[in-house]
Amino acid sequence: MSNPQRLTHGLRRRFALWLNRRIPASDRLELNHRSIFILPSREGVLFSIALFAMFVGGVNYANGLILSLTYFLAALALVVILQTYRNLSGLILSLDTFEAGFVGDFVLYKIRLATAKLKGHESIEVGFDRSSLTMCAVEPDQATTVQLFLPAHCRGWQKPGRLLVRTRFPLGLIQAWSWVDLRLAGVVFPAPVNGEKPMGKSADTGETQTLASIGDFAGLNSYQTGDPLSRVYWKVLARGLPLATKTFEQPNQNGFWLSLAMAEGTLETRLSVLTYWVLKCTEDQTPFGLDLGDQKIELDQGVEHTQRCLEALALYGLMPMRGHV
Amino acid sequence: MRLANPRLKARFKVGSKARPTVLVGDFQSPRISFIWVTLAQIVCTLPHLLNVPFWVIVLCCICVFWRVMVFQGRWRYPKKYWRYSFVILSIFFLMLYFPVILSIEAAVSLLIITYYMKLLEMFRLKDIYVILVLSYFVIASAFLFREDIVMLVYFCASFVLTTVALVSANRTESKLKSGGNFRLGVTLCLQALPIGLCLFVFFPRFGPFWSLDVQNGGPSVGISDTMSPADIAELGATEGVAFRVEFEGAQPSIQDLYWRVLTLTDFDGQQWRSIFSDLQAQLYFSDPQLQSSLRSLVQPGQKVFDYRISLEPTEQQWLPTLDTPMSVSEKTLVMPDYSRMVNAPITSPKSYYARSSIDSTVDSQINPWLADRSLQLPRGFNPLARQFAIDEFGRVNGDKKLFISNMMNLFLESEFFYTLKPGTYGTHMIDEFLFERRKGFCAHYASSLAFLLRVVGIPSRVVIGYHGGELNKLGGHMVINQYDAHAWVEAWHADEGWVRLDPTAMVVPWRVLIGVEEMMRQSSNSEVPSLQGSLLRNNVVGNGLRQFVDFANYRWSKYVVNFDQDTQRNLMEKAFDEPSLTKLISLMVMSIGAVLCAIALALLWQTRDRNRSQEDRILFKVLGVLGQKYGVRQPAQTLEQYYHVIETKAKQQELASFKRVIELYQRLVYQPQNDANTKIIRKAFQRESHRLIRQLKHIFG
């Protein structure tokens, strides 16, 4: 790092430390005087320059009315400081949900804004940095959800850091803002890359997959002892016919294991290939299991299963976050 | 591995998420703000309709029309090169139209053109800010042209509208009711009002860093330093206020209200001319002489009057004062005839304080050069009058005082008429006037008398100024109009100095007693021209209205427009024994601070926390104290979970109490009972909670 870079880096670190002390991380934060910063905005600075020019003109032309205009505009700016502060104070921020994304795609964070006060908040801008903010308003009785997208660059945890909450209501001359740490952590799945199927050991086809009700209804069989009671077609019994069991057409029962060890290439490539095959299996509705060496996810099917596998792939080899099992 | 974070089912397609929405800085401003901004622009430009050339107005209308078309989606914005070439073309036309490019009118015209052209570039929020800042400059420049009370209405309207426009530009799309914008804007302005007033009164005022004068270049108004009878006649029919006077304390009677402006000493047969604007004459009279003369003006026991004059712009340099002025608050040049001048033409309303004494002896010793000059007469003019004067002087055997009174009586005894339209006089004006027609007004009378006196060697000169005035009953101030212009004579005596002689008083004594206006009102003489707007004057309601407007204007100019260093100093002197700058500034800071505190408190009250029920409040109090001692409850924890957390740390007694509190609370909130039971449970809950708190705090401290 060059010297100026080192300097700014050092300053930024100090600022970050100071922020951590002043606005500690929390799952739910209510903005108050400790967390709100307030300064004139860029338009406010232009406004004050214009005001000063008008003041000088008024004094030099000895014109009482021009001076009065200057005074009243200055008074307006002072009043606006209070109004802008009030617009931000009392706002409660928390994380509603997040949607994970793939590398190269976006991670979606849903931030929930509510207020503890009797009056609503308007023109609130929320975002991760100054250049991409989303505007919203918050009513006193209902919560608003803001969707924030953050590009995903590498797999694993995505820690967006502090959230910028800003407002310039009502006149745009003063801006009040806060940097809020909601302990945001998003998950980024590896980008799927087509590669050879990293098949691990095959599934034991001997095992009966007593999966609840996958597949299409194929017909009725007469009841055998041992058939699960949940699969009995009870309506038939009501009609007086003997017990029957529902059978389902199992789609490809030949599930298989996807193994990290079987894939080729670097760790990341291997994970990407696995991701691709996970997605493909989900599409084909083939049951699959995931073998990541120290972690094994049993054969299964369905959205939840896929989610679990993708998360395992995304977080392979990474430290767990605080608060997670 | 499962994540503890709540999450949705992921969408498993790459690139399935929608692109992020438009960035804030590039937001197109809400459409309603366009309406407010244009409205604000139009209102701000209204006073300038009279100040800028007609074609500039046409240009602005075109811009507005174009913008409305764009707003409705029918036209597109003009391209950049069109806009720039337009501005360059306008500058070119301005340079052609205005002879002096650096004049205020040219600058304001350019400002207005740029102001409206900005409409055609209005896409984003930043553009709205540029327009609104330009609006403030347009409003300020309007005040350079006019400062009367009508501008108060303009001030309020334009201030409120620009604020509303700013508000409308800053709101989220969802809140687009126009009523809401207006109400918020007005609220902000009302909140700013008291602070603005504090700043107005207490912010230290000081003189210009470098003095600028608005070069209006208008024609000069009122009395000029040459006079022919036609000039005064013209003034006599002019509608317009010359100045306003407010006396502090005693006020002289109307007969004594002679307002001195200039003296005219040189006569060429037709016109009288002032000699004291001649630089030569000024240098001849050195300062110390004048100062001592001024001091000797007032003898003990004589009446002195203090007053404040508010003078309308005249484009000239003299200041009217009550005869004879001793001191003026403004920095003036004291003329040898005790009239006052400032060193730059008066282009905007001016106010000053002065002190005068009536009936003082002025110049008991005359400078020989002046005496000589005051005796000169052009040869060959008015032979009859000359002869007449010499004859009359001979008859009284050289008694100057008697001669003068005879001459004055001449006007009284012979049939002289006072009329503002006597017709034109020929070369020997005074002969014609005295012996043939005998019809004229103050200028003729004064001219003739001065002539006659000079013939016999009495130094005399014509004094022009104003006489009388109209009392404004509402304000108590006097209004002196242009038609109050008057001319009279000063003659010098050895022991009495310059003595005032008003021959017009001989002819129309009531003109001097009651003033021209009343005289015109009462006289049905068709020779006396009626004034414009006399309908308004003769009507009681109309007159009352006129007086009210005049009163409002006078107060406005006194307290607002002319509020300056001196006014502030007077205020401070009234309030404190030892006024100082620090006291002023601290007063300002304190008053503003007080208002801001009041507003802050009002805001706090307005946005107080939602009503928690009483039970909630008590529970939160309990939790607060527990939290202080044993650790704060996490937001998502239930009461039972929290109980388990502190189970290991708290005392048995406290735990039991807390358990009971929880139980009672849950019964209160989740199991509705009939009224009687609820009361019992509530009471028990309160008691238990307070006991717990006391227990905790007791051990605490």
Side-chain angles (χ1 to χ4, degrees), chain A residues 27-28 43 46-47 50 54 57 59-66 68-69 71-76 78-79 82 86 90 97-102 105-106 108 116-119 122-123 125 131-137 149 168-172 192 279 282 303 306-307 311-312 315 323-325, chain B residues 1-12 14-15 17 20-21 23-24 129 133 136-137 139-140 143-144 147 151 155 159 163 166-167 169-172 174-175 184 188 191-192 195-196 199-200 203 206 208-212 214 560-563 596 599-600 603 606-610 635:
Chain A
D27 293 324
R28 178 179 177 279
E43 287 81 14
L46 288 170
F47 178 84
M54 246 192 288
V59 168
N60 282 326
Y61 280 109
N63 192 311
L65 285 180
I66 297 183
S68 309
L69 182 67
Y71 297 145
F72 279 92
L73 286 176
L76 196 64
L78 282 176
V79 165
L82 291 176
R86 182 227 57 92
T97 58
F98 78 91
E99 265 183 36
F102 294 89
D105 202 359
F106 296 96
L108 169 64
K117 307 280 182 186
L118 276 178
K119 213 162 174 226
E122 262 192 81
S123 304
E125 302 161 25
S131 52
S132 56
L133 293 167
T134 316
M135 189 126 85
C136 68
F149 293 92
R168 285 188 296 194
F169 180 83
L171 292 185
L279 291 176
T282 319
V303 174
T306 315
Q307 174 86 14
E311 277 168 7
L315 299 172
H324 299 135
V325 179
Chain B
M1 182 164 63
R2 286 190 145 249
L3 299 169
N5 259 334
R7 61 219 180 286
L8 285 181
K9 300 192 203 329
R11 284 178 257 163
F12 298 134
V14 183
K17 299 213 174 51
T21 47
L23 307 176
V24 169
Y129 281 110
V133 166
Y136 293 134
F137 281 111
I139 300 174
F143 294 140
L144 289 174
E147 279 179 281
M151 296 310 261
F155 185 101
F159 191 80
T163 311
L166 259 182
V167 168
N170 272 296
R171 298 194 104 168
T172 31
S174 56
K175 289 219 173 179
L184 184 59
L188 284 173
Q191 284 177 348
I195 299 182
L199 277 173
F200 181 82
F203 194 88
F206 32 86
F209 304 122
W210 62 90
S211 190
L212 291 168
V214 181
V560 178
V561 177
N562 286 315
F563 193 99
L596 282 176
I599 297 178
L603 277 177
Q606 210 181 40
T607 62
R608 61 193 182 278
D609 284 345
R610 271 202 305 266

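To find a chain, count down the sequence lines: A is the first, B the second, and so on, and within it residues start at 1. In what follows, every heavy atom counts, from backbone to side chain, and hydrogens, waters and symmetry copies are set aside.
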Is it the backbone or the side chain of B:Val133 that comes under 4.5 Å from a heavy atom of chain A, or both, or neither?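 For B:Val133, the side chain is the part near chain A, not the backbone.
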Interchain contact, B:Tyr129 with chain A, by part (heavy-atom threshold 4.5 Å):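 Side chain only.
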Nearest-0.5 Å distance, CG of residue A:Leu65 to CZ of residue B:Phe563: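 One finds 13.0 Å between CG of A:Leu65 and CZ of B:Phe563.
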Approximate separation, where rounding is to 0.5 Å, of A:Lys119 NZ and A:Arg86 CZ: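 If we round to the nearest 0.5 Å, A:Lys119:NZ and A:Arg86:CZ are 4.5 Å apart.
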If you tally heavy-atom pairs under 4.5 Å against chain B, which of A:Leu69, A:Leu78, A:Leu171 wins?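 Winner by heavy-atom pair count: A:Leu171.
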Using non-hydrogen atoms only, which part of A:Leu46 is less than 4.5 Å away from chain B: side chain, backbone, both, or neither?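 Nothing of A:Leu46, per the 4.5 Å heavy-atom cut-off to chain B.
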Less than 6.0 angstrom separating the ring centers of A:Phe72 and B:Phe155, yes or no?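 Yes, close enough.
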State, yes or no, whether a side-chain contact exists between B:Phe159 and B:Ile139 at a heavy-atom distance under 4.5 Å.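 A side-chain contact is absent here, since even the closest heavy-atom pair is not under 4.5 Å.
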